**Q** 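One structure follows; several queries about it will come next.
All values below come from the heavy atoms of this structure, side chains included, with hydrogens, waters and symmetry mates left out. Position 1 is the first residue of the sequence; numbering continues from there. We count ligands from 1, going down the list as the structure has it; atoms in each ligand are counted the same way. Predicted, not measured: the structure shown is a model, and the values here were computed from it.
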Amino acid sequence: MDFGFAAGDEVFRGEARAWLGANVSDTADRRAWERTLGKAGWIGIGWGESGYGNRSATLTQQVVWAEEYARSGAPPRSGHIGEKLLAPTLLAHGTDEQKARFLPPVAVGEELWCQGYSEPGAGSDLAGVRTKAERASDGTYRVSGQKIWTSLAHEADWCFVLARTDPESVRHHGLSFLLVPMDQPGRIEVRPIRQMTGTSDFNEVFFDGAHARVEHVVGGEGAGWKVAMSLLGFERGVSTLAQQIGFAQELGRVVETAVRSGAVGDPVVRERLVRQWAELRVMRWNALRTLGRAGDAGAPSVAKLLWGGWHQRLGELAMQVRGAAAGVGPVEWSASAPYGLDEAQHLFLFSRADTIYGGSDQVQRTIIAERVLGLPREPKGVV
Ligand SMILES: Cc1cc2nc3c(=O)[nH]c(=O)nc-3n(C[C@H](O)[C@H](O)[C@H](O)COP(=O)(O)OP(=O)(O)OC[C@H]3O[C@@H](n4cnc5c(N)ncnc54)[C@H](O)[C@@H]3O)c2cc1C
């Protein structure tokens, strides 16, 4: 399918822009913001005619909403894991009861989710998951093990956990996808991980016999790998174009700083600024070209590889155009920026993660090598 905006999309854009203009504020209460979004019908607009979302938007309208959201300066979403990852997975693999129980609270911004995949010994190699879920005498599961890098676990009400339900199993066999309530004092402990930015966006999560109900296993016991992989397929898509709006804003501020500081007088800096701009244009055309086109095995990996490195280089450039002053801090201390980092410093430090999460650069190159170029599969270690 060729991707193009339809005439009616501009009306939709006007509606989205007007609502955001009237409702975006500086509030730090991200839960309240989720409820505001839900109440106004802006959550779940990509859930199709499922009956569980709010208004049903076309693919181009979803892009328009995401672009306007990024442009408005609205806060980062706390509800995106539930809305963008869990919900499409439940729509594809969940029972009617699971959809009826879990989708409405996501659509109104009441229940927040986190993703319990990675473990200390299972990141890129996710099939190495060791967290166990054993059936207790009352028929429910007891979940034990450790997850790590769990974004938003400190805010979440629920976690979808990839765990081993068959103790004899290895690798991707014998895993299940369980929906686990987070409010289980003594059985679930969330420990924040302090990042080099001074903030804690992700956590270690320890499960010590946490309870999960049998009817909350998605796709059935033992089907966890299939469900988990299907969820990862939802990780990208319309959000790519919106992300580029944010990137363009950041690049604009780096250019402004370069002009102000006089760094634009340096031909090397000028060349790097123009290169960032040109590469961003290429990423946009690539995203438009591949959006809505299923079955392009390499497209998500190429997009991830492009933007991860691009954003890191922007962070480095943001520091370079400030000159030696960029290495000095703190400026001002606050709860959300404990080290008092300014925007350029925060961008520089946080973007180190961009080539890791969502599949590292090395992993993306392996996917492209094997699925697009048809190179021999990489040798696996002995299991
Ligand atoms: C900001 C952030 C948020 C995150 N949020 C979540 C979350 O909410 N939930 C969750 O479950 N996880 C989350 N993660 C974890 C993320 O998915 C993992 O960090 C990622 O999968 C990499 O795994 P790892 O950290 O164990 O590194 P490893 O897999 O140990 O990799 C270490 C290095 O080895 C390289 N490497 C690994 N395997 C190969 C290979 N076969 N060939 C070549 N090189 C290889 C990698 O590219 C990397 O450079 C988050 C991570 C970050 C940074």
Side-chain angles (χ1 to χ4, degrees), residues 76-86 89 112-131 143 145-164 171-172 175 177-180 182 188 190-207 224-225 227-236 239 243 300-301 304-305 307-309 311-312 315 346-371 373 375-383:
R77 294 280 313 279
S78 299
H80 72 279
I81 296 176
E83 181 192 5
K84 300 280 171 31
L85 300 182
L86 178 80
T89 306
L112 304 181
W113 285 80
C114 62
Q115 176 178 17
Y117 276 21
S118 304
E119 298 182 6
S124 305
D125 187 17
L126 189 59
V129 157
R130 291 170 62 184
T131 293
V143 182
Q146 183 193 349
K147 297 290 175 181
I148 195 167
W149 318 124
T150 320
S151 303
L152 300 171
H154 52 293
E155 292 182 33
D157 305 291
W158 287 81
C159 183
F160 46 86
V161 176
L162 190 60
R164 208 161 280 288
R171 308 295 299 161
H172 53 278
L175 296 168
F177 188 102
L178 296 100
L179 310 179
V180 182
M182 290 295 282
I188 297 183
V190 177
R191 291 189 203 158
I193 299 173
R194 172 67 68 94
Q195 296 147 232
M196 61 182 166
T197 49
T199 51
S200 297
D201 301 292
F202 50 32
N203 308 270
E204 291 179 286
V205 183
F206 295 85
F207 295 90
W225 187 255
V227 178
M229 290 302 108
S230 160
L231 180 140
L232 291 181
F234 297 121
E235 249 185 348
R236 292 168 214 110
S239 56
Q243 181 192 45
S301 293
K304 174 73 213 309
L305 207 47
W307 78 251
H311 204 220
Q312 263 178 14
H346 188 270
L347 171 63
F348 172 64
L349 293 177
F350 199 88
S351 61
R352 306 321 294 175
D354 290 338
T355 49
I356 302 172
Y357 67 85
S360 72
D361 274 15
Q362 289 80 3
V363 167
Q364 304 302 346
R365 287 195 192 96
T366 299
I367 293 172
I368 293 167
E370 294 178 358
R371 298 198 199 149
L373 301 179
L375 300 187
R377 292 180 71 79
E378 73 165 357
K380 296 276 178 226
V382 179
V383 292

**Q** Among Arg191, Lys147, Gln146, find the residue that satisfies the side-chain hydrogen bond (donor to acceptor under 3.5 Å, both in side chains) test when tested with Glu204.
**A**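 Result: among Arg191, Lys147, Gln146, Gln146 is the only option passing the side-chain hydrogen bond (donor to acceptor under 3.5 Å, both in side chains) with Glu204.
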**Q** Identify whether the distance between the nearest side-chain nitrogen and carboxylate oxygen of Asp125 and Arg171 falls below 4.0 Å.
**A** yes
**Q** Minimum heavy-atom separation for Val205 and Ala153, please, with both atom names.
**A** CG2-CB, 3.7 Å
**Q** Any protein heavy atom lying closer than 4.0 Å to atom 34 (O) of ligand 1?
**A** no
**Q** Of the non-hydrogen atoms in Gly224 and Leu162, which two are nearest, and what is the gap between them?
**A** O-CD1, 3.7 Å
**Q** Report, in ascending order of atom number, the atoms of ligand 1 lying under 4.0 Å from any heavy atom of Tyr117.
**A** 11 (O)
**Q** Between Ser118, Gly123, Gly358, Ser360, which one has a non-hydrogen atom sitting closest to atom 26 (O) of ligand 1?
**A**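 It is Gly123 whose heavy atom sits nearest to atom 26 (O) of ligand 1.
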**Q** Between Ala156 and Trp113, which heavy-atom pair has the shortest distance, and what is it?
**A** CB-C, 3.7 Å
**Q** Would you mind checking which non-hydrogen protein atom is closest to atom 51 (C) of ligand 1, with the distance to 0.1 Å?
**A**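 The protein heavy atom lying closest is Tyr357 CB, 3.5 Å.
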**Q** List ligand 1 atoms under 4.0 Å from Gln115, heavy atoms only on the residue side.
**A** 7 (C), 8 (O), 9 (N), 10 (C), 11 (O)
**Q** Tell me, which protein residue and heavy-atom name are nearest atom 39 (C) of ligand 1, and how many Å apart are they?
**A** Val363 CG2, 4.7 Å
**Q** Is atom 22 (C) of ligand 1 near the protein, in the sense that some protein heavy atom lies at less than 4.0 Å from it?
**A**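 For atom 22 (C) of ligand 1 the answer is yes, since some protein heavy atom falls inside 4.0 Å.
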**Q** Specify the closest pair of heavy atoms between Leu112 and Gly79, including all atoms of both residues, with the distance to one decimal.
**A** CD2-CA, 3.9 Å
**Q** Among all protein heavy atoms, pick out the one at the shortest distance from atom 45 (C) of ligand 1; state its residue, atom name and that distance to 0.1 Å.
**A** Gln362 CB, 4.1 Å
**Q** Starting from atom 19 (O) of ligand 1, find the nearest protein heavy-atom neighbour and note its residue, name and distance.
**A**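 Minimum-distance protein heavy atom for atom 19 (O) of ligand 1 reads Ile356 CG2, 3.5 Å.
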**Q** Quick one: look up the protein heavy atom nearest atom 28 (P) of ligand 1 and list residue, atom name and how far away it is.
**A**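 Answer, as residue, atom name and distance: Ser124 OG, 3.7 Å.
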**Q** Tell me the nearest of Gly121, Ser151, Gly128 to atom 5 (N) of ligand 1, using heavy-atom distances.
**A** Ser151
**Q** When you look for heavy atoms under 4.0 Å from ligand 1, do you find them on the side chain of Glu378, its backbone, both, or neither?
**A**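 The part of Glu378 near ligand 1 is the side chain, not the backbone.
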**Q** Using atom types as modelled and distance alone, determine if a side-chain donor or acceptor of Lys304 lies under 3.5 Å from a backbone N or O of Gln364.
**A** no
**Q** Val227 vs Phe160, test: side chain to side chain contact (heavy atoms under 4.5 Å, CB included). Steps then yes/no.
**A** CA-CA 11 Å; Val227 178; Phe160 46 86; over 6 Å; no
**Q** For Val180 versus Val143, what's the shortest heavy-atom pair and its separation?
**A** CG2-CG2, 4.4 Å
**Q** Step through the shown structure and confirm whether more than 12 heavy atoms of other residues, nucleotides or ligands are within 6.0 Å of NE2 on His154.
**A**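 Count over threshold, so yes.
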**Q** Under 4.0 Å and counting heavy atoms only, is there anything from the protein next to atom 9 (N) of ligand 1?
**A** yes
**Q** Under a 4.0 angstrom heavy-atom cut-off, which atoms of ligand 1 come close to Phe202?
**A**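 So the atoms of ligand 1 that pass are 1 (C), 2 (C), 3 (C), 52 (C).
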**Q** Is there a polar contact, in the sense of an N or O pair closer than 3.5 Å, between Trp149 and ligand 1?
**A** yes
